[in-house]
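What you are looking at is a predicted structure, and each value in this text was computed from that prediction instead of being measured.
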2 protein chains.
Amino acid sequence: MPIRSNDQIIHKAAWLYYTHGMRQDEVAQRLEISRASIAMYLRRAREMGIVSITTSNELFSDDVLARELEDATGLTSVWIVPEDRQAMDPAAEMPVVAASVFLELINKGDRIGVAWGRTVYHIADVMPFADLRGVTVVQLCGNLGAPYSYRPDQCTTEIARRLNAEGINLYAPLVLSSERLAEELRSEPVIREQLATISDCQLALYSVGGIEEDSHLVKCGALSAAEMHAMGSNGAAGVIAGQLIDRDGQWMDCGHNRRCMSADLGSIRAIKKRMLVVQEDSKFEPLVAALKGGFASHLVVTASMARRILDRWNTEGLDRNSSGKT
Amino acid sequence: MPIRSNDQIIHKAAWLYYTHGMRQDEVAQRLEISRASIAMYLRRAREMGIVSITTSNELFSDDVLARELEDATGLTSVWIVPEDRQAMDPAAEMPVVAASVFLELINKGDRIGVAWGRTVYHIADVMPFADLRGVTVVQLCGNLGAPYSYRPDQCTTEIARRLNAEGINLYAPLVLSSERLAEELRSEPVIREQLATISDCQLALYSVGGIEEDSHLVKCGALSAAEMHAMGSNGAAGVIAGQLIDRDGQWMDCGHNRRCMSADLGSIRAIKKRMLVVQEDSKFEPLVAALKGGFASHLVVTASMARRILDRWNTEGLDRNSSGKT
DNA sequence: CATCATGGCTGACAAAAGTCAATGCAAAAG
DNA sequence: CTTTTGCATTGACTTTTGTCAGCCATGATG
C-alpha cells in the first residue's frame, strides 16, 4: 500500500513536469530538492501509474488484412503483428501489442478475467503501468503447483499490480485428483461465488493452449503425454483456461475437464470483450477451435496466422455466425 | 485531415520509442532515418495525440476542503487549486487543472457541450492533445461578432482539434436584434436539431459569467452597461452560456434571454457531468447562483472560493438538495 | 528552362535527463 | 547507548534529447 506522505511530492513533481512541461531543474528548484531526486520521483510516478503514457495501436489494427479477417470471421477487432523485414521479432512484439490493446479495452470500473499461460504471462510482463483504481482483475482458472514457472495467480497479480487494480485470485488448484473433490470444492461458497462472478466480467484475456506434448497441461503433470495424445484422438483440439475443447470449441466431457477448477466456458463466452492472443504458429488448429467456439471477439495474431485463418474460413465456407459474434 | 502516408512512420517511431522504450538513436537506426527526424516525429506524435501523456489530478481532488465542499453541497466532485506559497499562480494554474480534469471525465464516444468565455478559452489553450476519435464536441451557445477575442466557436474548435474529436459549431449569432428573429432562427431545422442534441451530452464545460460591466455580454455589446446594471437590480446574478440567471439559478424572462441563441438551460441541467470552472474570486455571487441552479456536478475553484461557498452554505443552512444533484 | 518557394531531412552543438557511488539520517537491533 | 541497516538524497559525470541553420529534392511559376 502506498505511503501517503511521500506520494504527495511525487504527484507534485509529476504534475509540474508532465502537465506543465517544466524542466527537471525547474521542478527541483520549486520543490527545493535536488534534480536527481526529481528524476527518481518521475520514474516512480511512471511506475505507480501517476502518469501514464499510452501510444495508439492503430499501427496494428490499421491493416487491410485485419479488416479482411474481421469481415470474414465476424470478430469485433483484429490486430496484426507484422512479420516484415524491418519489423521486430514478431514473437517478442506480440505481447507488447497485446498489452497495449488490452489496456485500451479497459474501461473504468471494469471487472476483468485473466487466464494463464506463457503468452498471458509475457503480456503481464510488458503491461504498462496505469492508474486504474476501481478495476478488478479476477483469475479465470485454478492454480498450478508451485514449481511451475507461469503460475495463473502470478499473471493476475502482476497485471493487477501494474494497473493499480484489485487482483482477486482463485485459491484452488487447477486440477484435482478426483472428480468428487473437484465437485465439492466447486460447491464451497468462496469458490462458487468467485466462479459465479466471472460472467460479470466486461473483458477477458487469454490464449489458447495446444494439445501437443509440450502443452502446459502435460508439462505441469495434469495429464500424461499419452493421455493428452488419447484426448487428441478423441477430438480434443485445444485448451481454454485449462479445459480441453473439441474442434468446434465445445467443452469436452472428459475426466480432466471434470476435475478442473476453472471458469465455466459458458461464463467465458458471456463476457463481452474476449481478447485472444496467439503467438505460436503451431497453435493454428487450437486457435481455429477457439474461434469456432466463440472464445474471441478481439484477436491479436501474426500476419501469417491471420492469412491461414482467412484461408480456412474461405475454404470451409464458414461465415460470421460461426465465430460466436455478440 | 491527416496525411496517411506520412503518419505511418510517425506511428512507428512513437511505438518504438514510447511503448518499447527504445532510445531515439535506436529508433533512428531501425527506421533508417536521422535521429533529429525521430525527435521531430515524436513531437508530432505528441501533438497529434498518437501518444498521450496524462497525469493523475488526484493532487487537487485529494484535499480535505474538496471533500467538505462535496459533502456540504452535494457536488459529485470538487477540485481545489491551492493558493499556498510554493504553488503556482492559482489563476494561471486553474485552466491547466480544469483541462486535465476535463480530459479525465471524457469517455469513448461521448458528446460534449462546450460554452464560451475567457476561462473556457484558456482551458482550450492548455488542453492536452489526445486521440479521442468518436468523441463529439458541440457548441452550447451562438457566436459573437468577429472582432471579439474569445469566440465560442474557437473554444469548440480548439478543444476538438486537440482531442482529435469532431467539432460541431452552432452557426448562429449569440444574440439577435429581435425576439421574432431569434424565435424564427431557433425553428430552423439545422439549428433546432443541434440545440435538441444538447441534452444528449454526457459532459459539459463552462464557466459562469458575472453581471458587472466587465461582463462579456457588455464588452461584446449585447447589453449596455446600464442595461446590465438594470438587470442586476431586477435580480440577475450571473450568466450561463450567454443567458442571464437569477439568484436561484433560474432562467430570467427578459428581452436579452429571449433574443439569445443558446442551449436551453433545462438541457444543460439534463447533462450528467456539468463541469463548472471559476477563476476569478469576483465571481462568487454568480457562482452561488449557478450552484443553486444545478449547473454544476463537477467544480474547479480556488481554495479561498471553496471556503466562501462552504461558509455561505453553512450560514444559509442550505443542503445537498439545493445544488441539483443528479 | 531557370527560378523560386516549400518542406522534409540532417549534422553539429547546446540543453536536459539518466545514473551511480558516496553521504547523511533515522529507525531497528544489539 | 552504540551499531547496524535500510533508504532517501545528492553532486558529479555520462548519455540522451532538443534545436536550428543549412542542405537537398520536389514541384510550381514566370
Can you tell me the distance, in whole Å, between the CD atom of B:Glu26 and the P atom of D:dT15?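 The answer, rounded to whole Å, is 14 Å.
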
I need the CD-P distance between B:Gln8 and C:dG8, as an integer number of Å.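 These atoms are roughly 17 Å apart.
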
Heavy-atom count around A:Gln29 CD within 6.0 Å, excluding the residue itself: above 12?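 No - once you tally the heavy atoms of other residues, nucleotides and ligands closer than 6.0 Å, there are 12 at most.
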
Using five base pairs at each end, measure the axis-to-axis angle across the helix from C:dC1-D:dG30 to C:dG30-D:dC1 and round it to 10 degrees.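 Comparing the axis at each end, I get an angle of 10°.
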
Could you pull out the protein-nucleic contacts involving nucleotides 23-26 of chain D (nitrogen or oxygen on both sides, under 3.5 Å)?
none

Establish, with yes or no, whether the OP1 or OP2 oxygen of C:dG8 is under 4.0 angstrom from a side-chain nitrogen or oxygen of B:Tyr41. no

Side-chain heavy-atom pair A:Tyr18, A:Leu42 within 4.5 angstrom cut-off: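 Counting from C-beta outward, A:Tyr18 and A:Leu42 do come under 4.5 Å.
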
Between A:Glu93 and B:His20, do the side chains contain an N or O donor and an N or O acceptor separated by less than 3.5 Å? yes

Donor on one side chain, acceptor on other, B:Arg46 and B:Tyr41, under 3.5 Å: no

Considering residues at least two apart in sequence or located in another chain, which fulfil the ring-ring contact (aromatic ring centres under 6.0 Å, His included) criterion with A:Phe60?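 Applying ring-ring contact (aromatic ring centres under 6.0 Å, His included) to A:Phe60 gives B:Trp15.
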
For A:Asn164, check side-chain contact (heavy atoms from CB on, under 4.5 Å) against everything at least two apart and list the hits. A:Asp131

Among residues at least two apart in sequence or on other chains, which ones pass side-chain contact (heavy atoms from CB on, under 4.5 Å) with A:Ala303? A:Leu65, A:Ile80, A:Glu83, A:Arg307

Give me the atom names and distance for the closest heavy-atom approach of A:Asp125 to A:Arg162. O-NH2, 3.0 Å

Heavy-atom pair with the smallest gap, counting every atom of A:Arg67 and A:Val78: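 Closest pair (atom of A:Arg67, atom of A:Val78, distance): NH2-O, 4.5 Å.
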
Sub-3.5 Å pairs of nitrogen or oxygen atoms, protein against nucleotides 10-20 of chain C:
residue	atom	partner	partner atom	Å
C:dT10	OP2	B:Ser34	N	2.7
C:dT10	OP2	B:Ser34	OG	2.9
C:dT10	OP2	B:Ser37	OG	2.9
C:dT10	O5'	B:Ser34	OG	3.4
C:dA16	OP1	A:Arg23	NE	2.8
C:dA16	OP1	A:Arg23	NH1	2.9
C:dA17	OP1	A:Tyr17	OH	2.8
C:dA17	OP2	A:Gln24	N	2.8
C:dG18	OP2	A:Gln24	NE2	2.5
C:dG18	N7	A:Arg35	NH2	3.3
C:dG18	O6	A:Arg35	NH2	2.7
C:dT19	OP2	A:Arg43	NH1	3.0

